[in-house]
Amino acid sequence: ISRVASTVTGAMNTLLIGLRYSGAAVVGYYSSADKIVTLARQGAVPISDSLYLYLIANKDFKLVKKLMLIVMPVITLGSIILFAFAPQVCVFVFGKGFEDAAAPLRCLIPVMIFVLPNYIFGFPVMTPLHIEKFANMSVVFGAIFQVCILATLYFLGLFNIISLCITTSITEIIVFLF
């Protein structure tokens, strides 16, 4: 259910952007910013997966603390640099004319900051503690939250690329806090 919920929220973002801005450049800007977030997610997967196997076998939770103390300052610094140079990064990665992808990218930076903690404190930490159901519940709760907020924004006429990206970032934080 949590995998379905995660897929639904991602697909819903794209669907709503497509409905709201059909054929507009904004769709490309969102898609471009989302590709950078996807890259951050993909970078977190091998760390999370290897930690999962290690924690199942050893239950050495001190490693989680050490890892977070080493990696999170790097992620935070990288996020600050990305925020500061977002237009230049977008032009470098996607080409001239993609400067406007910087605003949605900046709004999605909290996702990149919280993706690794979400992945690590989800199944890798919760499974050895036999509370993995809460990892699943957090994703489902986040999906419900995001669907409700985006539907409300859409029907109130307040939906735009920035509100979508901010909602996505808030959802990622809420999943972490859950």
Gap between atom [atom2] of [Y] and atom [atom1] of [X] - 0.5 Å precision:
| X | Y | atom1 | atom2 | result |
| --- | --- | --- | --- | --- |
| I75 | M68 | CD1 | CE | 7.0 Å |
| L15 | M12 | CG | CE | 8.5 Å |
| C165 | Y30 | SG | OH | 6.0 Å |
| L16 | T167 | CG | OG1 | 10.5 Å |
| I47 | L116 | CD1 | CG | 5.0 Å |
| L177 | I170 | CG | CD1 | 11.5 Å |

Could you state whether [X] and [Y] fall into the same hydrophobic cluster, counting links through intermediate Ile, Leu, Val, Met, Phe, Trp or Tyr residues with side-chain heavy atoms under 4.5 angstrom apart?
| X | Y | answer |
| --- | --- | --- |
| V139 | F123 | no |
| V93 | V37 | yes |
| F114 | V45 | no |
| L69 | V74 | no |
| F98 | L39 | no |

Check the pair L129, V125 against side-chain contact (heavy atoms from CB on, under 4.5 Å), reporting the backbone distance first and the verdict last.
CA-CA 7 Å; L129 296 172; V125 168; 4.0 Å; yes
Indicate yes or no for a side-chain donor-acceptor contact from [X] to the backbone of [Y] under 3.5 Å, with no hydrogens or angles considered.
| X | Y | result |
| --- | --- | --- |
| T127 | P124 | no |
| T76 | M72 | yes |
| N58 | Y54 | yes |
| S79 | I109 | no |

Write down the atom of [X], the atom of [Y], and the distance for their closest heavy-atom approach.
| X | Y | answer |
| --- | --- | --- |
| I36 | M112 | CG2-SD, 4.0 Å |
| S48 | Y119 | OG-O, 3.3 Å |
| F176 | P117 | CE1-CB, 3.4 Å |
| V64 | L55 | CG2-CD1, 3.7 Å |
| L105 | C90 | CD2-SG, 3.8 Å |
| G43 | P46 | O-CD, 3.5 Å |

Side chains of [X] and [Y], heavy atoms from C-beta outward: is any pair under 4.5 Å?
| X | Y | result |
| --- | --- | --- |
| R41 | V111 | yes |
| K59 | F61 | yes |
| F178 | M137 | yes |

Going by atom type alone, with no hydrogens or angles, which donor-acceptor pairs under 3.5 Å involve a side-chain atom of residues 141-163 and a protein atom two or more places apart or on another chain?
residue, atom, partner, partner atom, Å
Q146, OE1, T171, OG1, 3.2
Q146, NE2, N13, OD1, 2.8
Q146, NE2, T168, OG1, 3.2
T152, OG1, C148, O, 2.7
N160, OD1, I162, N, 2.9
N160, OD1, S163, N, 2.7
S163, OG, L158, O, 3.3
S163, OG, N160, N, 2.8
S163, OG, N160, O, 3.0

With side-chain contact (heavy atoms from CB on, under 4.5 Å) as the criterion, how do L164 and R20 come out once you've worked through the C-alpha distance, each side chain's angles and the decisive distance to 0.1 Å?
CA-CA 11 Å; L164 170 76; R20 172 72 168 84; over 6 Å; no
Taking everything shown except F85 itself, do over 12 heavy atoms lie less than 6.0 Å from its CZ?
no
